[in-house]
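First comes the structure, then the notes that go with it.
For the numbers below, each heavy atom of this structure counts, side chains included, while hydrogens, waters and symmetry mates do not.
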Amino acid sequence: MRPLLALVAGGVLCLAFPTFDIWVAAPVALTLLALALTGARAWAGFGLGLLAGLAFFVPTLQWSGIYVGSLPWLALATVEALFFALAGLAYAWLTRRRGTVRPVVFALVWLASEGLRARAPYGGFPWLKLAFGQADSPFGRLVALGGPPLVGFAIALAAGLLALAVQALVRRRGGMPLARAVVAPLLAVGLGAAGLLVPLPTDGPTAQFLGVQGNVPRPGLDFNAERRMVLDNHVRATIDALQDVAAGRAPRPDLIVWPENASDIDPLRNADAKSEILATVQAAQTPLIVGGLLEEPADHVSNVSLLFEPGKGNTARYVKRHPVPFAEYIPNRSFWRIFSKEVDLVRRDFVAGDQVGLFTVHPAAAPAIKAGLAICFEVAYDDIMLDAVRAGANVLVVQTNNATFGFTAESPQQLAISRIRAMEFGRSVVHVSTVGQSALITPDGTAHQVTSLFTQAVVRGALPLRTETTLATRVGEVPEWVGAAVLALIMVGSFVRGRGQTAVRAQMKDEDDEDES
């Protein structure tokens, strides 16, 4: 039954994420996984974890191969599944001797595996953390206390308690206390219900935002084959939105946001592109954040956010700190070319910035806007978002381009992450995509005006500018590192006890042999 339970666990876990959005599937899936792993041999646990990981990541990351083929998609899914495998190995080893579900240990192992997956290899890939499917659940609200790691820990702990209850029912004739079958589920439900007690305030002074989803000529890798058309789309959509302002049908924005890749024509070197942007800013009389590409440094490219202000031009820039490996740069290019020549589709590597993204603008009729920036996949990295809020951001701006993923779940998955970030930091989020989904998100995680894919649209309205810091902001990564340290101590203790028991058994065997002689 163990392999079947592992496969079902991975499949059920898919349902917790967009576009299924059945949040309760997460604790159910982890309950099955805990039952599959408890008491297994260590290397069997590795295999069971790998099965669960593949059953989860292969379908949920299907968007990663939509235009580049199956190899990158399956390679990414397999690498991510290996972290499930390592978790399975560790947990199975820690439960092998007693064969009893250990809920706290299971939760600590899950916490450590998600933390490791978020950091390795090549900076990690934290997409599809448990927390990122919980924006509508009671568990999700815990993110304001300890970030995504706390949410993942709480769900895994609840799942471990449910697995313990199931085990108690199955083994009731073997002497396991039946009380566990009653108490453990109550504790699991209490963990989830505790999230309902976490406040997610949305009050505060407001500013008006306008996010522009200009759309692209076609989905796919060649979305910007007509780069000027992409830029023109965003100019035209902005001018149309300003006509509503002039006619009194909409309020004047205090900040306008264009998405990632809105101007893939270098707007600082190409006079034509720059003039279009400056003319738009002049017409709006409002600061504009543009997602663009810069032809710098030599033989490289920079993925940037640029701030343009009326009468001043370009006044600030943010260079993406975490370029995506194998998409925006190729690590160890000569080695990976052995397996696929597709790596050379990335002709020039993107460079990584070293400054936290924070743009400050001073509207005439609103408080100062301090926009913390994240470009595309950066929204999934805890440190990128935490740094922006700690730097003073009172609103978060997520600029993304989803054109290369077609009509898949990638865009809804990303929007779900932005919703969790809003709840985590108590900040509004302006989430703007070239092709959708775009939305304005209030600090309680509610997404407003969610757009459709591959349409031209705008999202506009007032969002609160909050400065109060959540507990998650103050503690940062500390709970994650504490959990990892506790797990390490448990594993060392288990190893020492195992060695001690082996020594005792060996001594007893020697004594028996002497008695027989």
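- Scored by the salt bridge (Lys or Arg N to Asp or Glu O under 4.0 Å) test, D383 finds no partners at all (sequence neighbours excluded).
- With sequence neighbours excluded, the residues satisfying side-chain contact (heavy atoms from CB on, under 4.5 Å) with P199 are P201.
- The number of heavy atoms from other shown groups lying within 6.0 Å of CZ (R474) is above 12.
- Nearest heavy atoms, A447 versus A439: CB-CB, 4.2 Å.
- Contact between T202 and P443 at its shortest, heavy atoms only, is CG2-CD, 4.1 Å.
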* Asked: Between Y318 and F359, does a ring-ring contact (aromatic ring centres under 6.0 Å, His included) hold up when you go through it step by step?
  -> CA-CA 8 Å; Y318 165 66; F359 290 166; 7.4 Å; no
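- Ring centers of W110 and F83: at least 6.0 Å apart, outside the cut-off.
- Aromatic ring centres of F106 and Y91: separated by under 6.0 Å.
- Residues passing the salt bridge (Lys or Arg N to Asp or Glu O under 4.0 Å) test with R2, sequence neighbours excluded: none.
- For residues 15-27, no pair satisfies side-chain hydrogen bond (donor to acceptor under 3.5 Å, both in side chains), with sequence neighbours left out.
- For N332, the CG atom is densely surrounded, since the number of other residues' heavy atoms within 6.0 Å is greater than 12.
- Taking the ring centroids of W93 and W43, they lie at or beyond the 6.0 Å cut-off.
- For residues 131-154, the set of pairs meeting the ring-ring contact (aromatic ring centres under 6.0 Å, His included) definition, not counting sequence neighbours, is empty.
- No close placement of the Y67 and F405 rings is indicated, their centers lying 6.0 Å or farther apart.
- Take R102 and apply the salt bridge (Lys or Arg N to Asp or Glu O under 4.0 Å) test, not counting sequence neighbours, and it matches no residue.
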